[in-house]
Participant: 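Sharing a structure below in structure tokens format, with a few things to ask.
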There are 4 protein chains.
Amino acid sequence: MTAPASPERRRELLNTAAEVFAAQGYNATTVRRIADEAGMLAGSLYYHFDSKESMLDEILSTFLTELWDGYDAVLAAGLGPRGTIEALVTESFREIDRHRAAVAIYQKEARHLADQPRFGYLADSQQKFEKAWLGTLERGVADGVFRADLDVRLTYRFVRDTVWVAASWYRPGGLHSPEEIAGQYLSMVLDGIAERG
Amino acid sequence: MTAPASPERRRELLNTAAEVFAAQGYNATTVRRIADEAGMLAGSLYYHFDSKESMLDEILSTFLTELWDGYDAVLAAGLGPRGTIEALVTESFREIDRHRAAVAIYQKEARHLADQPRFGYLADSQQKFEKAWLGTLERGVADGVFRADLDVRLTYRFVRDTVWVAASWYRPGGLHSPEEIAGQYLSMVLDGIAERG
Amino acid sequence: MTAPASPERRRELLNTAAEVFAAQGYNATTVRRIADEAGMLAGSLYYHFDSKESMLDEILSTFLTELWDGYDAVLAAGLGPRGTIEALVTESFREIDRHRAAVAIYQKEARHLADQPRFGYLADSQQKFEKAWLGTLERGVADGVFRADLDVRLTYRFVRDTVWVAASWYRPGGLHSPEEIAGQYLSMVLDGIAERG
Amino acid sequence: MTAPASPERRRELLNTAAEVFAAQGYNATTVRRIADEAGMLAGSLYYHFDSKESMLDEILSTFLTELWDGYDAVLAAGLGPRGTIEALVTESFREIDRHRAAVAIYQKEARHLADQPRFGYLADSQQKFEKAWLGTLERGVADGVFRADLDVRLTYRFVRDTVWVAASWYRPGGLHSPEEIAGQYLSMVLDGIAERG
DNA sequence: CATGAATGAGGTTTCATTCAT
DNA sequence: AATGAATGAAACCTCATTCAT
């Protein structure tokens with residue numbers, strides 16, 4: 001229904017919207033707030049987008065598409081369990097660096113959105129995600145690379161959450177590069193924070 | 001001008017409200033939904049509470065009060081850095097077990113609520129929280145109990161987040177007791193998941 | 001979703017709404033106009049009804065239900081073709097007398113509403129309606145009661161339309177009773193307006 | 001300040017607009033819908049027309065002008081009451097054949113438009129119309145050509161409505177020519193559908 | 001002639017809240 | 001304690017219209 005409009009303008013507006021959604025939450029964000037931020041009137045947004053929801057949809061689906069581009073490349077590289085985990089974590093922090101707002105939105109809203117048919121791809125993605133991580137961890141345990149006494153499922157949850165929650169405090173252009181943060185994080189998760197006797 | 005009403009009824013209603021807030025988010029939750037769940041009409045809630053916000057307030061402040069009862073006891077026990085971290089993590093998972101809904105709400109809403117004067121105590125709590133954890137980690141590094149090459153601030157963030165995000169997947173009465181989860185988590189964070197050569 | 005509310009209030013409000021819909025057309029009628037007429041604010045209508053459309057729905061379905069009560073009684077009475085036509089016409093003008101607004105709305109909006117699933121019963125009714133009238137006319141021709149050279153389908157359309165369009169000028173409590181109007185109309189359709197040589 | 005533009009393009013656009021107005025109702029028709037149908041953008045229509053209302057105006061006034069050309073010719077021909085009625089009915093079905101969309105719009109919208117000054121000519125036309133038909137019927141009764149027991153006013157309404165409502169089901173190029181339909185209709189109205197004993 | 005983008009008024013709807021009963 | 005009905009502010013969205021290009 002919505003006119004094609006210029007792709008650059010759309011992207012600008014989506015960036016603005018994503019920033020506000022991430023800061024205030026999707027529900028708490030008014031369409032007028034987004035329009036204010038973009039220097040136009042609320043109604044004018046509807047020249048570019050069908051609805052507030054379709055902005056959210058486009059933000060999330062764009063993000064997931066790019067995320068899986070990166071993940072699929074890592075998974076196809078045949079790096080072995082430890083290398084794969086390292087690459088996935090690093091890739092994740094890079095995604096946070098590039099799509100901070102989208103990740104923050106995803107983090108806050110994915111659970112209840114996944115129920116709606118329109119956002120069914122969120123559930124799909126979550127399943128694919130789980131399979132990738134869980135499989136790698138299990139292979140690592142089987143190969144003797146990771147500790148045998150781990151509860152793999154629990155470990156998966158811890159790792160998954162910690163990585164993504166970082167989007168809530170990460171600021172692009174801050175002290176640490178995504179690679180540095182990934183390094184620190186991997187160091188903690190792989191080797192622990194305790195000094196080894 | 002809310003009447004005193006029976007404290008048990010209040011608590012029941014607050015539990016109901018907390019459950020719905022946790023499931024749908026505070027903003028997305030309508031007062032009518034809470035009332036439905038409680039078997040009454042929306043207007044009737046106002047006999048018990050001043051406003052939707054005051055329900056949220058009571059849920060969060062009750063939770064934080066109990067949380068700090070536990071934390072303060074741990075911090076006063078003089079357990080040493082490693083023991084303190086272990087006790088804090090264990091205590092945290094116990095709080096999640098008892099106040100799952102409140103923790104989930106806190107996790108999702110604290111950041112933007114903290115700006116409002118009414119919820120200033122959230123910011124205070126966060127600061128106290130940071131001081132406790134950060135201090136313990138730093139002391140641990142100084143004592144040679146934790147690795148010297150840690151970025152303490154980054155580590156703090158990772159640990160803090162993972163513990164609390166657990167509220168989003170934890171189900172009381174599930175397979176693992178809070179203590180077991182804490183054990184697994186501490187094992188990962190302290191010693192790492194990698195098998196030691 | 002909407003509360004049950006008192007049936008009398010609902011009926012009052014529906015009558016008000018029907019009057020305005022009939023006068024201005026459904027689309028051109030604002031919910032605020034209805035509320036004004038009812039002495040309340042626009043939002044308050046939503047305590048009683050889900051939407052503007054659901055008001056329309058209830059108006060039309062209530063009308064059709066009562067219409068078919070009358071029609072079915074006539075059709076079951078075994079009056080013969082001429083008697084059936086007379087009774088159907090008379091019954092129709094009685095319905096116009098009792099549901100003038102609903103008939104006028106039906107007249108104006110039925111065609112495009114029938115496309116929407118929600119108003120599928122309009123199409124059903126139209127089909128049943130056609131079957132009843134067309135069948136009676138055909139039986140009349142077969143029995144020699146009606147002229148053999150009639151284009152039955154065309155006749156059906158003329159008769160059907162004239163009866164219902166009357167809703168647009170009929171005023172209850174005017175000079176003519178529904179029965180008188182029916183009589184005049186039947187006199188024209190059955191015997192013609194030309195003086196017989 | 002609408003430019004003159006080519007008259008053919010105007011006529012094309014007006015035909016398109018009339019078709020959509022007739023199908024969906026004037027109010028429910030968006031300017032964008034018309035533009036879509038014409039293969040242009042909504043704003044572009046404003047090069048040709050001042051406003052949506054002015055399109056409606058031009059459609060209706062063009063139609064009425066041509067209608068009265070025909071009617072006036074009939075009325076000036078001195079055909080006698082029965083002949084005049086026959087000629088008016090035939091002329092009417094011819095107009096429906098040529099201006100189906102405009103007639104349908106007129107039928108649906110005339111009543112409420114007539115209140116606006118801009119569309120005052122609709123009320124004028126209606127009055128002239130009534131005078132022509134009513135006068136002919138009355139003369140027919142006085143001359144003994146039509147039955148003396150008719151309620152002339154009621155008969156006028158029936159006849160007027162049936163003729164014009166035909167626009168809602170008539171499809172140009174269908175089975176029956178306008179003249180055939182007029183014949184059938186006149187047969188019914190003048191002589192009745194009942195077989196004469 | 002037409003496009004692309006925006007305006008601004010106004011529409012339907014939602015919802016926290018109030019209050020007489 | 002709770003109901004039923006209403007309020008009023010604010011939300012999302014629509015759409016006729018304008019105008020620089």
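Fair warning: this is a prediction, and the values are worked out from it, not measured in the lab. Sequence lines set the chain letters: A, B, ... in the order given, protein chains first and strands last, and positions in each chain run from 1.
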Participant: Under the 3.5 angstrom rule, does the side chain of Thr62(B) hit a backbone N or O of Glu58(B) as a donor-acceptor pair?
Facilitator: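 Yes; judged by distance alone, with no hydrogens or angles, the pair exists.
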
Participant: In this structure, how many angstroms lie between the P atom of dC13(F) and the CG atom of Leu56(A), rounded?
Facilitator: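 To the nearest whole Å, that distance equals 12 Å.
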
Participant: Whether Arg9(A) and Glu12(A) form a salt bridge (side-chain N of Lys/Arg under 4.0 Å from carboxylate O of Asp/Glu) is what I want to check.
Facilitator: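 A salt bridge links Glu12(A) with Arg9(A).
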
Participant: Return the 5'-most residue of the pair Leu41(C), Leu45(B) with respect to DNA chain F, ranking by each residue's nearest nucleotide.
Facilitator: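 Looking at the nearest nucleotide for each, Leu45(B) comes out on the 5' side.
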
Participant: Given atom CG of Asp36(A) and atom C1' of dT7(E), what is their separation to the nearest angstrom?
Facilitator: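 Taking CG of Asp36(A) and C1' of dT7(E), I get 14 Å after rounding.
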
Participant: Among dT3(E), dT12(E), dT17(E), which nucleotide has an atom closest to any side-chain atom of Lys52(C)?
Facilitator: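 Nearest to the side-chain atoms of Lys52(C), counting from C-beta on, is dT12(E).
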
Participant: Only pairs at least two apart or in different chains count here, so list each salt bridge (Lys or Arg N to Asp or Glu O under 4.0 Å) that has a residue in residues 106-121 of chain C.
Facilitator: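 Listed by first then second residue: Glu53(C)-Arg118(C), Asp57(C)-Arg118(C).
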
Participant: Does a side-chain N or O of Tyr46(C) approach OP1 or OP2 of dT13(E) to a distance below 4.0 Å, or not?
Facilitator: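 For dT13(E), OP1/OP2 do have a side-chain N/O of Tyr46(C) under 4.0 Å.
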
Participant: Which nucleotide in the list dT7(F), dA2(F), dA5(F) gets nearest to the side chain of Ser44(B)?
Facilitator: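 Nearest nucleotide to the side chain: dA2(F).
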
Participant: Let me know the distance between CD of Glu53(C) and P of dC13(F), rounded to the nearest Å.
Facilitator: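 So the two atoms are 17 Å apart, to the nearest Å.
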
Participant: So what stems show up for DNA chain F if we need 3 or more Watson-Crick or G-U pairs in a row, all under 3.5 Å?
Facilitator: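 Result, WC/G-U stems under 3.5 Å: E:2-21 with F:2-21.
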
Participant: Could you tell me how far apart Glu12(B) (CD) and dA1(F) (P) are, to the nearest whole angstrom?
Facilitator: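 Taking atom P of dA1(F) as the reference, CD of Glu12(B) is at 11 Å.
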
Participant: Has the side chain of Arg10(A) got a donor or acceptor atom that lies under 3.5 Å from a matching backbone atom of His48(A)?
Facilitator: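 Indeed, once roles are kept as given, a pair shorter than 3.5 Å links the two residues.
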
Participant: Evaluate the ring planes of Phe63(D) and Trp164(D), with Trp represented by its six-membered ring, and classify them as parallel (under 30°), tilted (30 to 60°) or perpendicular (over 60°).
Facilitator: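 Judged by the thresholds at 30° and 60°, the geometry between Phe63(D) and Trp164(D) is perpendicular.
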
Participant: Taking atom P of dG4(E) as reference, at what distance in whole Å does atom CG of Leu13(A) sit?
Facilitator: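 Answer to the nearest Å: 16 Å.
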
Participant: Could you check how far CZ of Arg10(B) sits from P of dA1(F), rounded to whole Å?
Facilitator: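 It is 11 Å, rounded to the nearest whole Å.
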
Participant: Met40(A) has a side chain; which of dA6(E), dT17(E), dC13(F) sits nearest to it?
Facilitator: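 Between dA6(E), dT17(E), dC13(F), the one nearest the side chain of Met40(A) would be dA6(E).
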
Participant: Suppose we screen for ring pair (Phe, Tyr, Trp, His ring centres under 6.0 Å). Which residues come up paired with Tyr106(B), at least two apart in sequence or across chains?
Facilitator: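 With neighbours one apart ignored, the set is empty.
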
Participant: In residues 18-34 of chain A, which ones come under 4.0 Å of DNA chain F, going by heavy atoms?
Facilitator: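 Here the set is Thr29(A), Thr30(A), Val31(A).
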
Participant: Does His48(B) make a side-chain N or O approach to OP1 or OP2 of dA2(F) shorter than 4.0 Å?
Facilitator: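 The answer is yes; a side-chain N or O of His48(B) sits under 4.0 Å from OP1 or OP2.
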
Participant: Nearest-Å distance, CG (Asp57(C)) to P (dT12(E))?
Facilitator: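 My rounded result for the distance is 17 Å.
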
Participant: What is the distance from OH of Tyr47(A) to P of dA16(F), rounded to the nearest Å?
Facilitator: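 Spelled out: OH on Tyr47(A) to P on dA16(F) is 15 Å.
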
Participant: Between Ser54(B) and Ser51(B), is there a donor-acceptor pair closer than 3.5 Å when you use the side chain of the first and the backbone of the second?
Facilitator: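 Answer holds: yes.
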
Participant: Please list all pairs meeting salt bridge (Lys or Arg N to Asp or Glu O under 4.0 Å) that have one or both residues in residues 20-29 of chain D, counting only residues at least two apart or in different chains.
Facilitator: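 Sorted pair list comes back empty.
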
Participant: Could you tell me whether the side chain of Thr65(C) and the main chain of Ser61(C) form a donor-acceptor pair under 3.5 Å?
Facilitator: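 Yes, because the side chain of Thr65(C) sits within donor-acceptor range (under 3.5 Å) of the backbone of Ser61(C).
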
Participant: Suppose the criterion is side chain to side chain donor-acceptor pair (under 3.5 Å): which pairs have a residue in residues 13-31 of chain A, not counting sequence neighbours?
Facilitator: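 Qualifying pairs, neighbours excluded: Glu19(A)-Arg100(A).
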
Participant: When you measure from the side-chain N and O atoms of Arg9(B) to the phosphate of dA2(F), is any distance below 4.0 Å, counting only OP1 and OP2?
Facilitator: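 True: Arg9(B) side-chain N/O within range (under 4.0 Å) of dA2(F) OP1/OP2.
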
